[in-house]
Amino acid sequence: MPRTRLWLLTAALAVSGCAGPFPQSTLQPRSDFARATDALFTDIFWWAALVFVIVETLLVVALVRFRHREGRPVPKPMHGHTLMEIAWTLAPAVILVFVAVPTVRTIFATAGDAPADALKVDVIGHQWWWEYRYPELGVVTANEAHVPVGKPVQVTITSADVIHAFWAPRLGGKRDAIPGRENRIAFRADSVGDYSGQCGEFCGASHANMRLLVRVDADSAFERWVAAQRAGPAAPAAGSLAEQGKAVYSRSACLGCHTIQGVSPGVIGPNLTHVGSRSTIAGGIFPNDSAHLAQWIADAPALKPGSIMTRMKPPLTDADIAALVAYLQSLQ
Amino acid sequence: MSEPRGLKSWLTTTDHKRIGLLYFWTAFGFFLVGGLEALVIRLQLAQPNGHVVSAETYNQLFTMHGTTMVFLALMPLAASFFNYIVPLQIGARDVAFPRLNAFSYWVFLLGGLLLNASWFTGPLFHAGTLNVAPNGGWFGYANLTERQFSPGPNIDFWLLGLQVLGISSLAAGFNFIVTILNLRAPGMKMMRLPTFTWMTLVTQFIIITAFPVITVALVFLMFDRFFGTHFYLQQAGGTPLLWQHLFWLFGHPEVYILILPAMGIVSDVLPTFSRKPLFGYPVVVYSGILIGFMGWGVWSHHMFAVGLGPIADSVFAATTMLIAVPTGVKIFNWIATLWGGDIRGTTALHFAVGFIAMFIIGGLSGVSHASPPADLQQTDTYYVVAHIHYVLFGGTIMGLFAGMYYWWPKMTGRLLSEPLGKWHFWLQLVGMNLAFFPMHFIGLLGMPRRIYTYSPDLGVTDLNLISTIGAFLVGVAILVFLYNVLRTRRRGERASNDPWGGATLEWSIPSPPPVYNFSVIPTVTNRLPRWSTDRHGPIQDPPATPPAPIHVPGGSWWPMVAALGLPLMALAPLTHTLWIVFVGAAVLLFGIYRWAFEPFEV
Amino acid sequence: MTHAAATHHTSMGLDSRKMAFWAFIGSECLLFGSLISTYLVYKGRSVVGPYPHDILNIPFTSVSTFDLLMSSLMMVLALAAVQRGDMKWGKIWLFATALLGLVFLGGQVIEFTEFVHKGLTISTNLFGCTFFVLTGTHGAHVAVGVLWLLTLGTRALQGKLGPANAMTVEITGLYWHFVDVVWIVIFTVVYLIQ
Amino acid sequence: MPEAGHTGEHVHPTAEVYLRVAAVLVILTVLEVGVFYVPVFHPVLVPALLVLSAAKFTLVVMFYMHLKADSRFFSFLFGAPLLLAVAVMIALLFLFFGALTLRGTAGAG
Ligand code: HEA
Ligand code: HEA
Ligand code: CUA
Ligand SMILES: [Cu+2]
């Protein structure tokens, strides 16, 4: 059967991970958590493949061998066979034991909390962006999380509005972000790099646009990042465009929704204290450059369906927007 | 005694065969609608950053696609066979409650229209768009579906439509349970029932137990949305998880409601075309019952990502995996039925075998979902979408098409063209594998489901394009089927009583059967009444003309009138107009009253 | 529903309507089961009062419970009367059942209004949500039952209900007793176990 | 009831039985309320009440709904869904009150 071969071939390709850059592939795990689930899946896959091959072969053989031919005598009526029934009840049951035991083992292996000294990260899902808080480090950021390589990380997940699911495939499986509840996962990333992911639970108009990035840093880079994030916002140079931008920001609606340390306390949108240091904006869907920032500030819902950040009323002038962009970019 | 004609005779009909045809065409129409929605979905996803439809429309499309396929296409397509075939298989003149049966149909039709009206009624709600179709996904997770996050009428349409449809299914459930248990021909013991009838019976039991649960879940949602309760709101101490539990308590049994009838069809088709009795009949029947039963203990496997804790996850993983055992037993018995047979490769057989081949794939991916840690990577990705389409399309739809080709001559009096049927089959088989097989990889490579757009960086562009091509191939296959149907209407070969040499009672009477079905109710002495086996010869078919005149009940308007009351009542919350609810209730009660006390002889 | 069906031969020797009705009652078990489950899982989770012990009036509801129990008695007596062809008592008991049903509903109206006055509405807290929807659904069932009984009673007055329709009365009774049984559970689970 | 004979399902008790059952039901209800008010019973309040109400439930179903004398099939039609409903209720209580979870936080719903 050609389909069988195709399945095996393509699967082998995908499992071995040599079929191109797949930034969200679950088959290229880069943490203990993701490796555990991947190993389990590989196990199950081969059992399934075995069952598939046996059963489909039987089916095809039956069809070929017993297809109608002229003059074939009327078949003997066979009503059943107790021994065979028992056999094909037991055989799958036995196979399932081989699936169930590692399953339960992995459930318990991946369910435990990380050691007490693990880095704690609180993840809060919002329509349609991610808020990250590092309670022990006093850092608050959005959409891009940083974690150190090789260190256990304890992630606590919840939501501010509807149900989302936090998912960075190469670092581990999903966990739902449920309002009024805290879920936890723990993992230890094993190589430095950028791991993308996205929201896994349908959460409304822009569910597709609720992406995320986890940056696994080497120790020193992580410490530098933390230090930068803990510092207050950069003060714009006197007379610069950025300083005008700060003024625009301070008299516009922005401050009702956004926090910039020492400037505004809003909590509806992402914390902008260090927005300039992030590589993307708006739930990871646009690069953080002047053009996109300007468009975003002018008309966010046009870029992102349903965005909670509405168009500003009255609309900002182009000059104001340019100033705002300069200001935001200065917030490294 | 002659067949009444004209529109009125269809509107007032209580004949199970006509109601079966009404179900069939209505459900098939909805299947095409759901399929068209799927094609638009596939067009949008053919490329990354697609622009065929907007995000909002896309969300409506997949919600309505899922809802339509499940509640308006597959369940009622199965119901059309329950209606048409079950009474014939058990040697009955009609169902136990013919007018209740008509009521079920009208409620289904009106509920379906109510749901789909949401595509065109935006302006009535000052929505600014034409379409205000439901947009919360087919399982409408709270609290996204609460008023706070879904202020428009979209979710109202969904919850009211489902509420109405539930009543239709429940009414039909009671009806068929009684029909199968009580209207069997003399000698038709339970263990002589055709397998399709058995699976119908099991399905009805699942329906009457599972639907009340979603009714309650929807009532809560309705109260939350309209009357300010907090059933699914964490601010008041509640939790949106209550919805998930209630929905899946219904939802998982629901998937067996969808598959068991198809399994019944396959169990009837295979013996006919391999000229061999079903292997292990009692085992197939018991495993069906067992599947229905076990289906109640696994619902939380849809909630592995919720974080129920390791013990609950383990328990639900184990119960879920166990279901593979009775299902496997069925598969092996089917293969054993073919084994040693004299297999005639009719189109119906093709589809039945296609069912087995494809369902296995879906079942096996199901088992991989059943492992919670593995599922954490799979849930809410295209890997799940692959699973559901292998079981629902590769399974249920294949099985239903087997039934269509098998019973078409009985239902219409003409045989569908076999060569066209083969074209249909192969196109559909290749098409569905092209459409759905790549979804396994798309999912494993990290593409979530329910996203209207994806980034080219994901590396799944080509796979998505293949999938879209496959979907259109399925569309072509369906067009071939439609052409076959049209051609058959005009030029199809006329069917004898028994074009296939079937063993069960429906083949002992003319095609299509006369209004009264059996001129003389047969007496059955074994499980394969029309075949000769070691112990029995075939029974005599009933005479062509009835020896004594047979009374046939007339039609009734009241089931339809009563049915009208329900969507009317649903309009009240939709339009925020209280008095309409009283009008609706009055219509419903009046209809039931007249129907209860009108003279009607069965 | 017609009486004709009853005269047919049936495979199980059981009346079709009665069988359908038992299936319906089975189905209702899951309806009320889900409602009661919800009440139970949300028990004690309200974040603001009033709470059950602030507001439930046990003596009052005990009387309602007693009333419903007595209506069940009336109902079986009605059935017995109709079965033996005693239509005079049949009518009396049927109307008595309906009357007790109405009394129960009246009690519920009084109870609900009092609760609202004491600050418990359907949207006050989780207790309000689950309590009103559960007891309200039960009340709606009672109301349907009363309508049904009154219809039968009226037909009896018109002379259209006789011993030949005993099955109709029996089925009505099944419904009525089931509604009573549900109340037995609600009374315990909601009112007594606080 | 012309068909009462051959359907063989009518072994209805007499009015006297009905009255006796009613008397027991009333006594049980009084006991229930009694148990509720008498402090001595409070340690066993919940089990006592559950037993009492189950007894009432059974009496009504057995005698007023005739399940005791009627076809056993009706008992199945009623009993199976009833058991299912009870099982679902117990499962949900376990899931919500966290008896099945190891972690405190996971128990909250
Ligand atoms: C026809 C409908 C149907 C059927 C029959 C099934 C059958 C099964 N399903 Fe599926 N399922 C759905 C429809 C169906 N499902 C739908 C619609 C959803 C998604 C809902 C949504 O989220 O939108 C879903 C989702 C779903 C999930 C949740 C996934 C997620 O969201 O994360 C899971 C998890 O356990 C699951 C498991 C199973 C299992 C174990 C079976 C088993 O019954 C399969 C048993 C069959 C076999 C295993 C093959 C034959 C057996 C043998 C040949 C014997 C030997 C086999 C072995 C030893 C393994 N299904
Ligand atoms: C119940 C049965 C059922 C069936 C039969 C189908 C059939 C199909 N389904 Fe669907 N599907 C679901 C049930 C079903 N589906 C469910 C429950 C969901 C989840 C929804 C949710 O997430 O809420 C889903 C979700 C779903 C998605 C995921 C959407 C998303 O998550 O964003 C996709 C994507 O490709 C898809 C595709 C298809 C396709 C291509 C078909 C095809 O097989 C359709 C074949 C039919 C036709 C092609 C139409 C008939 C032909 C014509 C009308 C003639 C015109 C033809 C041409 C012009 C060529 N389905
Ligand atoms: Cu957040 Cu999807
Ligand atoms: Cu399921």
Side-chain angles (χ1 to χ4, degrees), chain A residues 3 14 20-27 37 40-41 44 48 51-52 55-56 58-59 62-63 66-68 72 74-75 77-80 85 88-89 92-93 96 99-100 103-104 106-108 110-111 162-163 165 169 173-176 179-180 183 198 200-208 305, chain B residues 55-56 137 141 143-144 149 234 239-240 275-277 279-280 283 305-307 310 313-314 317-318 321 324-325 328-329 331-332 335 338-345 353 356-357 360 364 367-368 371-374 376-377 379-380 433 441 444-446 448 450-453 457-459 533-534:
Chain A
R3 204 178 45 248
F22 298 117
Q24 288 181 197
S25 170
T26 61
L27 305 171
T37 58
L40 182 61
F41 175 70
I44 298 173
V51 172
F52 175 82
V55 185
E56 301 275 356
L58 282 174
L59 183 64
L63 287 174
F66 300 103
R67 69 179 184 279
H68 176 69
R72 193 196 272 281
V74 176
M78 271 280 283
H79 289 280
E85 300 287 354
W88 61 48
T89 307
L96 286 173
V99 176
T103 291
V104 174
T106 315
I107 292 176
F108 281 90
T110 52
V162 303
I163 303 177
K174 295 171 203 68
R175 270 288 177 220
D176 286 351
N183 262 323
Q198 60 193 98
E201 185 67 78
F202 181 63
C203 52
S206 262
H207 162 62
Chain B
E56 185 45 39
Y141 272 6
N143 54 347
L144 177 61
F149 299 107
Q234 78 284 0
T239 167
R275 291 241 156 281
K276 224 170 126 268
F279 195 90
V283 182
V306 155
D313 279 356
S314 304
M321 288 177 191
V325 174
V329 164
I331 305 244
F332 293 123
I335 295 178
L338 291 167
W339 204 272
D342 177 23
I343 305 170
R344 281 174 302 154
V353 170
I356 303 177
I360 291 172
L364 292 171
V367 171
S368 72
S371 177
L376 291 183
Q377 291 285 25
T379 185
D380 277 310
N433 279 292
F441 303 117
L444 291 173
L445 294 177
R450 299 172 161 185
I451 55 175
Y452 73 97
T453 181
D457 300 340
L458 283 187
T533 65
D534 351 339

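Note that the structure is predicted; figures quoted are calculated from it, not measured. In what follows, chains are A, B, ... by sequence order, proteins preceding strands, each numbered from 1.
Using a 4.5 Å cut-off between heavy atoms, L40(A) touches chain B through its side chain atoms alone. No part of A165(A) comes within reach of chain B, as not one of its non-hydrogen atoms sits under 4.5 angstrom from that chain.
Residues Y141(B) and F202(A) form no side-chain contact, since every pair of their non-hydrogen atoms from C-beta on lies 4.5 Å or further apart. Using a 4.5 Å heavy-atom threshold, the side chains of F41(A) and L444(B) count as touching. Side-chain contact between E56(B) and P305(A) is absent, with no heavy atoms from C-beta onward closer than 4.5 Å. A 4.5 Å side-chain heavy-atom check between P92(A) and F332(B) finds at least one atom pair inside the cut-off. Between V74(A) and D342(B), the closest side-chain pair of non-hydrogen atoms is not below 4.5 Å.
Atoms CZ and SG, on F149(B) and C203(A) in that order, are 11.0 Å from each other to the nearest 0.5 Å. Taking CG from D176(A) and CG from D380(B), the interatomic distance works out to 7.5 Å, rounded to the nearest 0.5 Å.
Comparing L59(A), V55(A), V99(A) by heavy-atom pairs within less than 4.5 Å of chain B, the highest count is held by L59(A). When each of A62(A), A208(A), P75(A) is checked for heavy-atom pairs under 4.5 Å with chain B, P75(A) comes out on top. Across D457(B), I451(B), V367(B), the residue that shares the most heavy-atom pairs under 4.5 angstrom with chain A is I451(B). Contact tally against chain B (heavy-atom pairs below 4.5 Å) for V51(A), V104(A), L96(A): the top residue is L96(A).
No donor-acceptor distance shorter than 3.5 angstrom exists from the side chain of Q234(B) to the backbone of G180(A), with no hydrogens or angles considered. Side-chain atoms of K174(A) come within 3.5 Å of backbone N or O of T379(B) as a donor-acceptor pair. Counting only distance, with no hydrogens or angles, the side chain of T26(A) and the backbone of Q377(B) share no donor-acceptor pair below 3.5 Å.
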